[in-house]
Amino acid sequence: MHNDKPTLPRRKFLGNLTKAGLFGAAALTPGALTAATAIAANPADEAPAPGEHAFLCQPYLQHPMPNGMTVMWLSNKPTYSWVEYGETAALGSTARHASAGIVDSYNNLHRIRLSGLKPGTTYHYRVHSKEIAEFRPYKLTYGDTITSDIFTFTTPALKPAEVSWLVMNDIHDRPESIPHLTGLNKDPYDFVFFNGDVFDYQEDEKQIIDHLLAPAGKAFASTKPFIFTRGNHETRGKYRRELANYFDGEYVFDRTWGPVHFTVLDTGEDKPDDHPVYAGIVNFDEYRREQAENLKRIVASPAFKKAKFRVVMMHIPHYYSGDWHGPMHCREMFGDTFEKAGIDLFIAGHTHRMGIHQPVKGQHSYPIVIGGGPKDGNRTLIKVKATEKDLKLVMLKDDGSEFGKVELKSKR
C-alpha cells in the first residue's frame, strides 16, 4: 500500500467535545478537567493542534448483517469509547465492547459491534472517545471526550430480493481515487468491495488511515460498509500483519447476500515463495492450497448450490495475468473447482489492464472481469446489481464513460 501522495484532512467531521461523557462528571477523578469544553472543526487542511484529542478518521462500517453492524474508528489518544445508536436521531441505545469482563479501554483503534438490530432498518449513530489521561492500578483519570457527528446506515434485509455493490482495485496509495471513483456512481448500492492493492506496501498505521480509512470515511464508509481483501502488495512491508486489525472480517470468506453467493479468496504474492525479495519469510503456496481445500467445501454447500448467481472475487486473476508463478498457481489451485462448480462471474484486478473477457471454451466458462490500474485514465469503478432473474455489471472508466458490461440471466 502506497505513500507518495498528499494526505487528506482528518478533523473536518468532528462534533462537540464534552467533559462528562457516558458516565457523567461523577465518574471523573480529581485530576480530570471539570469544565465542559467545545471545539469547532479545524479548516479542511489543518491538522489537530499539538496535544489536542482528535479522531484520526470518521467512523467506518464493517461486517454488515441483517441483525448487526460493526462501527470502527481511531483516536489519537488512548480512550474509553462507545457508540450511541437508535432508529431515530434521538438515538437512545449505547454499545461498547467487553471481553472476559473487561471493557475495551486505553486503546486508539476502536471496534464495536451493534447487535440485535432489525433487518432492513435504518439506524442513526455517533461515536464517543473519552481520553484516559492516566491509567494506574487503582486510579484512572479521564480527559476530554470527543464526539462525532450523527451518521446513518441501513441493515441488509433478511431475504433481500436484490444486492448491489461497487468494486475498486489497484489504487496503490492514491487516496484521491477513492472519492473520485465512488463519485462516478449515481445508483443505490449496499457495500463497497476493495479488491486488493489499495496500497503499495504496509509501512505504518498512518498510511492505512491517510490512504484508505480517512478518504473512504469521507466518501461513503460512515454510511455504507466496505469489505477488504488483500492484493499481493498488501503482503509487503513491516506492517503487513497488523493490517487485518483495521477490519472486522477475514480476507477469505463466503457469504450469501440476496440472490448472490460470494466467494472471496486471498491470492497472496505473485512470485515464488523462494524468491530473494521475500527473504524466506512467506508461505503463500501452502496458503493457497489450504484455500483450495476450503473452496471445495464451499462449492459443495447448500448456500452455494441454491444461489441464483455465484460470484468469485479475488485480486490476482488466474487467466489474463501472464505466466508468473502466482497466477499460474491460482489456476492450478482454483480453476478446476470454478469450472466444475459452475461459477457465473469472476472479478479481479492486479494486471492494471481493464478487461472484460467473455467465456472461452476449454479455459473458463464464465466472464472474467479485471479492473484497471492506479493512473489517471486507467482507473475503473465496477458496478454490479443482481436480482432473482438477472445480474448486470458495468465497468466505468475514471472519466465516467462506460468501458464495457456483462449481463447474465439466472440458470437456477
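Hydrogens, waters and symmetry mates play no part in the numbers below; they use all other heavy atoms, side chains included.
- I356 contributes atom CD1, which lies 12.0 Å from atom CD1 of I368 (distance to the nearest 0.5 angstrom).
- Within a 6.0 Å radius of NZ in K397, no more than 12 heavy atoms belonging to other residues, nucleotides or ligands are found.
- When the shell of 6.0 Å around NZ of K385 is examined, it contains 12 or fewer heavy atoms from other residues, nucleotides or ligands.
- A pairwise comparison of heavy atoms in H211 and V198 identifies O-CG1, 4.1 Å as the closest pair.
- With contacts defined as side-chain heavy-atom distances shorter than 4.5 Å, the pair Y106/Y80 does not qualify.
- Taking the six-membered ring for Trp, F262 and F191 have ring centres closer than 6.0 Å.
- Separating the OG1 atom in T267 from the OH atom in Y287 is a distance of 9.0 Å, to the nearest 0.5 Å.
- R174 places none of its side-chain heavy atoms less than 4.5 Å from the side chain of R379.
- With contacts defined as side-chain heavy-atom distances shorter than 4.5 Å, the pair N195/I347 qualifies.
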Could you go through the side chain to side chain contact (heavy atoms under 4.5 Å, CB included) check for W324 and I316 one step at a time?
CA-CA 11 Å; W324 285 46; I316 298 177; over 6 Å; no
Dump the intermediate steps for side chain to side chain donor-acceptor pair (under 3.5 Å) on S148 and Q58, then the final yes or no.
CA-CA 8 Å; S148 76; Q58 292 187 187; over 6 Å; no
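- Residue P225 comes nearest to Q62 through the heavy atom pair CB-N, 4.4 Å, listed as atom of the first residue, atom of the second, then distance.
- Every residue two or more places apart in sequence or in another chain that forms a side chain to side chain contact (heavy atoms under 4.5 Å, CB included) with E332 is listed here: H329.
- Residues M168 and F194 form a side-chain contact, since some pair of their non-hydrogen atoms from C-beta on lies under 4.5 Å apart.
- Between Q363 and Y319, the side chains place no donor N or O within less than 3.5 Å of an acceptor N or O (distance only, hydrogens not considered).
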Please test K218 against D149 for salt bridge (charged side-chain N to carboxylate O under 4.0 Å, His left out), starting from the C-alpha separation and ending with a verdict.
CA-CA 12 Å; K218 296 183 70 167; D149 292 335; over 6 Å; no
Could you walk me through whether D398 and H180 pass the side chain to side chain donor-acceptor pair (under 3.5 Å) check?
CA-CA 8 Å; D398 60 9; H180 177 84; 5.2 Å; no
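- Atom CG of L381 and atom OG of S177 lie 11.0 Å apart (nearest 0.5 Å).
- Contact annotation: the side chain of K405 never approaches that of L393 to less than 4.5 Å [non-hydrogen atoms, C-beta and beyond].
- The structure places CG of L56 at 4.5 Å from CD1 of I209, a figure rounded to the nearest 0.5 Å.
- In this structure, T155 contributes its side chain and G120 its backbone to a donor-acceptor pair below 3.5 Å.
- Ring geometry, F338 versus Y366: the interplanar angle exceeds 60°, so the pair is classed perpendicular (tilted spans 30 to 60°).
- Proximity of P64 to D190: side-chain heavy atoms (C-beta onward) are nowhere separated by under 4.5 Å.
- At a cut-off of 3.5 Å, with distance as the only test, no side-chain donor of E388 or S410 sits close to an acceptor on the other residue.
- In this structure, a donor-acceptor pair under 3.5 Å is present between the side chains of T122 and T154.
- Annotation: side chain of V311 is in contact with side chain of L391 (closest heavy-atom distance under 4.5 Å).
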Quick one: do L213 and I208 satisfy side chain to side chain contact (heavy atoms under 4.5 Å, CB included)? Show the steps, please.
CA-CA 6 Å; L213 302 181; I208 297 170; 4.0 Å; yes
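- A cation-pi contact links K224 to Y189, judged by a cut-off of 6.0 Å to the six-membered ring centre and 45° from its axis.
- A donor-acceptor pair shorter than 3.5 Å can be found between the side chains of S129 and W73.
- Between atom CZ of residue R126 and atom CG of residue L91 there is a gap of 5.0 Å, rounded to the nearest 0.5 Å.
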Would you check, one step at a time, whether the test side chain to side chain contact (heavy atoms under 4.5 Å, CB included) holds for E242 with E205?
CA-CA 9 Å; E242 286 76 11; E205 180 176 86; over 6 Å; no
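- For the residue pair N185/T182, the side-chain donor-acceptor check at 3.5 Å is not satisfied.
- For E250, the side chain to side chain contact (heavy atoms under 4.5 Å, CB included) criterion is met by no residue, not counting sequence neighbours.
- Between H350 and D170, the shortest heavy-atom contact is N-OD2, 2.7 Å.
- Separation of the Y320 and H364 ring centroids falls under the 6.0 Å cut-off.
- Using the six-membered ring where Trp is involved, F226 and F220 have ring planes that are perpendicular, over 60° apart on the 30 and 60° scheme.
- Between the side chains of H352 and N378, not a single donor N or O lies within less than 3.5 Å of an accepting N or O.
- Between the side chains of H110 and D104, no donor-acceptor pair of N or O atoms lies under 3.5 Å.
- Residue pairs meeting the salt bridge (Lys or Arg N to Asp or Glu O under 4.0 Å) criterion with at least one partner in residues 272-287, sequence neighbours excluded, are D285-R288, E286-R289.
- Here M69 contributes atom CE and L61 contributes atom CG; the two are 5.5 Å apart, rounded to the nearest 0.5 Å.
- Judged by distance alone, the side chains of T70 and R113 do bring a donor and an acceptor atom under 3.5 Å apart.
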Which is it for H318 and F346 under the side chain to side chain contact (heavy atoms under 4.5 Å, CB included) test, yes or no, and what are the steps along the way?
CA-CA 10 Å; H318 53 307; F346 179 94; 3.5 Å; yes
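- Residues Y60 and Y246 meet the side-chain proximity criterion, which asks for heavy atoms closer than 4.5 Å.
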